Amino acid sequence: MSGPDPTTPIRPLGGVAVGLTLVLIAVLVGVAGQRLSTAPSGAGTAANGSVPASGRTTTVSVVAQGMRFQPDRITVPRGDRLVIEVTNRDDRRHDLVLATGQRTAAIGRQATARLDAGVIGGPVAGWCSLPGHRQAGMTLTITTTDAPAGTGHESGHTTPGAEVPRVDAMAAPAATFTARDAAAPATPPGRLHKRELRVREVEREVAPGVRQKLWTFDGTVPGPVLRGKVGDTFEITLINDGTVDHGIDFHAGAVAPDEVMRPIDPGQRLTYRFTATRAGIWMYHCSTMPMLHHIGNGMYGAVIIDPPDLPKVDREYVLVQSELYLGGDGEPGDLAKMQAERPDAVVFNGYVAQYAHRPLPARAGERVRVWLLDAGPNRDSSFHVVGAQFDTVYREGRWESRPADPGGAQVLSLTPAAGGFVEMVFPEPGHYPFVSHAMVDAERGARGVFEVTPS
């Protein structure tokens, strides 16, 4: 599908960290603690308890950049009215919310918003309310000159979330459940591949009886599998139909990230063009910070670039391993769980144990190729098929074994973002389970079955 030309003006990279989880934080602090006698005596409502108003106003300039507020601690005389001028130096939106209820609207790039915090009588917590930003560390604390050290965060208001559902990895889905089609797409003809990818926020079942709000490419988790050959050019137009900023990073292309991986706001679009110069199965994912949250909440997919002279096989499947970190029922995934590496489930192609209940078909004697991508964001994969041996292993752009070799392999081990494929021939009819042989993850849902019928 042909995508339109981008209309979003080029901006410098901001809030994008390509292949990294750390960002450079430039400390740009405005005038802090400037005292102005503009408020009438007694005006305003005290934060954290009644306190006589001093009749003074303290104005503080704060910069939002690199998923941080600078400064992130504001100290004002007790009884002063506080006005915070927030300037957004990031190439993405932020806001500021206080535990006492005051908040700014979303602040665009290079824009400034003014927040009247009222009369300050004690510690007040503040944060950015965009998804994942607070958990990623975008917080600040307001204290008074006579407040004890260390106060502020402890007094911050938190809104209880929805009840977090529990995954039963042994439960069967409803009879009407349809598993994701794991068949690999055919390699398309031509050397230029144009496509639109739309960011969509959807609520989907991810395990029997468990629904989550997912951020997706084209409404699916994983996103669509793209395919081509070495030397092919891909022209992908990303359209943000979501409610927060998103971007995209294609590992299959080697390009400067400044323009094509920048985050775009809802309603915007950009075109990402790259030429595939090396073979393999490559990850693509959202490039917006906190990247852990965006990948962990569904924004990932695979691009297959065929090795030259790739032999034909009878069947070809694609499995993408990833983790689920559940938020409340119908809510986005929990960034705190992602940061603590506490997955609720590990899955192939976005749903717990779906191919254990809807097996992948094959016939005895057929050659079957399985492409694997470990999208993570945190867990390794150790792909194994019970009762079968791999006579072909291709990992991260390199052939490790082929059918004519005397040896074989029992697993394809992958770290997050790594990929490859294996091939096997099932010797006889039967049911051949496949798992990640990190057994705790198999029991969390990273398992399925090949149902092999007579030839």
Side-chain angles (χ1 to χ4, degrees), residues 1-3 180-197 217-218 220 222-237 248-255 260 272-285 300-322 348-349 360-362 366-375 381 383 385 388 390-405 408-409 411-425 434 450:
M1 179 164 54
S2 176
R180 179 184 171 112
D181 186 359
T187 305
R191 304 315 298 266
L192 175 62
H193 310 299
K194 292 186 176 183
R195 175 156 188 159
E196 288 183 349
L197 284 180
F217 295 108
D218 273 10
T220 67
V225 177
L226 310 181
R227 193 164 190 176
K229 303 179 292 296
V230 173
D232 286 3
T233 296
F234 292 77
E235 189 174 291
I236 309 299
T237 298
I248 197 166
D249 173 5
F250 284 98
H251 293 192
V255 296
V260 295
Y272 191 132
R273 185 182 177 95
F274 67 91
T275 297
T277 59
R278 297 185 182 276
I281 180 169
W282 303 85
M283 185 174 176
Y284 69 88
H285 60 85
Y300 56 85
V303 180
I304 296 173
I305 305 300
D306 292 346
D309 303 317
L310 181 66
K312 291 186 179 297
V313 293
D314 297 296
R315 295 180 191 265
E316 202 173 16
Y317 293 111
V318 181
L319 297 176
V320 179
Q321 180 179 309
S322 63
F348 291 120
N349 289 351
L360 300 179
E366 287 184 331
R367 175 161 291 276
V368 177
R369 176 182 297 139
V370 182
W371 291 89
L372 275 300
L373 174 70
D374 181 4
S381 178
F383 183 73
V385 179
F390 305 146
D391 63 17
T392 301
V393 176
Y394 183 91
R395 185 201 328 256
E396 283 293 281
R398 184 168 66 91
W399 296 93
E400 295 187 359
S401 66
R402 290 186 159 184
D405 297 339
V411 297
L412 175 60
S413 57
L414 301 169
T415 55
F421 67 78
V422 294
E423 294 177 11
M424 71 208 93
V425 176
F434 61 85
F450 287 105

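Throughout, residue positions are numbered sequentially from 1 according to the sequence presented. These figures come from a predicted structure and were not determined experimentally. Hydrogens, waters and symmetry mates play no part in the numbers below; they use all other heavy atoms, side chains included.
Here the side chains of Val422 and Val385 are not in contact, with every heavy-atom distance at 4.5 Å or above. With a 4.5 Å cut-off on side-chain heavy atoms, Leu310 and Lys229 do not count as touching. With contacts defined as side-chain heavy-atom distances shorter than 4.5 Å, the pair Tyr317/Phe434 does not qualify. Using a 4.5 Å cut-off on side-chain heavy atoms (C-beta onward), Val393 and Leu412 make contact. Considering only heavy atoms from C-beta on, Pro416 stays 4.5 Å or farther from Met283 through its side chain.
Here the side chain of Asn349 pairs a donor or acceptor atom with the backbone of Val318 at under 3.5 angstrom. Formation of a donor-acceptor pair under 3.5 Å by the Glu423 side chain with backbone atoms of Phe390 is not found in this model. Remark: side-chain polar atoms of Ser381 are not paired, donor with acceptor, to backbone N or O of Leu414 under 3.5 angstrom. With hydrogens and angles disregarded, a donor-acceptor distance shorter than 3.5 Å links the side chain of Asp181 to the backbone of Ala183. Using a distance-only test at 3.5 Å, with no hydrogens or angles considered, no donor-acceptor pair links the side chain of Arg395 to the main chain of Ala418. Tyr272 places a side-chain N or O within 3.5 Å of a backbone atom of Phe250 that can act as its donor or acceptor partner.
Under the side-chain hydrogen bond (donor to acceptor under 3.5 Å, both in side chains) criterion, Arg273 pairs with Glu235, not counting sequence neighbours. For Glu366, the salt bridge (Lys or Arg N to Asp or Glu O under 4.0 Å) partners are Arg315, not counting sequence neighbours. Taking the ring-ring contact (aromatic ring centres under 6.0 Å, His included) definition, one finds that Phe234 meets it with His193, Phe274, sequence neighbours left out. Residues satisfying the ring-ring contact (aromatic ring centres under 6.0 Å, His included) criterion with Phe217, sequence neighbours excluded, are Tyr284. By the salt bridge (Lys or Arg N to Asp or Glu O under 4.0 Å) test, Asp391 pairs with Arg367, sequence neighbours left out.
Across all their heavy atoms, Leu319 and Ala182 have their closest contact at CD2-CB, 4.4 Å. For the pair Ile281 and Gly420, the tightest heavy-atom approach, listed with the atom from each and the gap, is CG2-N, 3.1 Å. The two residues Val320 and Pro222 come nearest to each other via the heavy atoms CB-CG, 3.7 Å. Of all the heavy atoms in His251 and Trp282, the pair that sits closest is O-CE3, 3.2 Å. Pro307 and Ala279 make their closest contact through CA-CB, 3.5 Å (heavy atoms, listed as atom of the first residue, atom of the second, distance). Between Leu373 and Gly301, the shortest heavy-atom distance links the atoms CD2-O, 3.5 Å.
Ring pair Tyr394/Trp371 is perpendicular by interplanar angle, where above 60° counts as perpendicular and below 30° as parallel.
Listed by first and then second residue, the salt bridge (charged side-chain N to carboxylate O under 4.0 Å, His left out) pairs that reach into residues 300-312 are Arg227-Asp306, sequence neighbours excluded.
A salt bridge is defined here as a Lys NZ or Arg NE, NH1 or NH2 lying under 4.0 Å from an Asp or Glu carboxylate O, and Arg398 with Glu400 meets this definition.
Arg191 CZ: more than 12 foreign heavy atoms inside a 6.0 Å radius.
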**OP:** Output, in order, the C-alpha distance, side-chain angles, deciding distance and verdict of side chain to side chain contact (heavy atoms under 4.5 Å, CB included) for Arg369 and Thr392.
**Re:** CA-CA 9 Å; Arg369 176 182 297 139; Thr392 301; over 6 Å; no

Subject >> Step-by-step side chain to side chain contact (heavy atoms under 4.5 Å, CB included) determination, Arg195 to Asp218 >> reply: CA-CA 11 Å; Arg195 175 156 188 159; Asp218 273 10; 3.3 Å; yes

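Results of the side chain to side chain contact (heavy atoms under 4.5 Å, CB included) test with Thr275 over Val230, Val255, Thr233 single out Thr233 as the only residue that passes.
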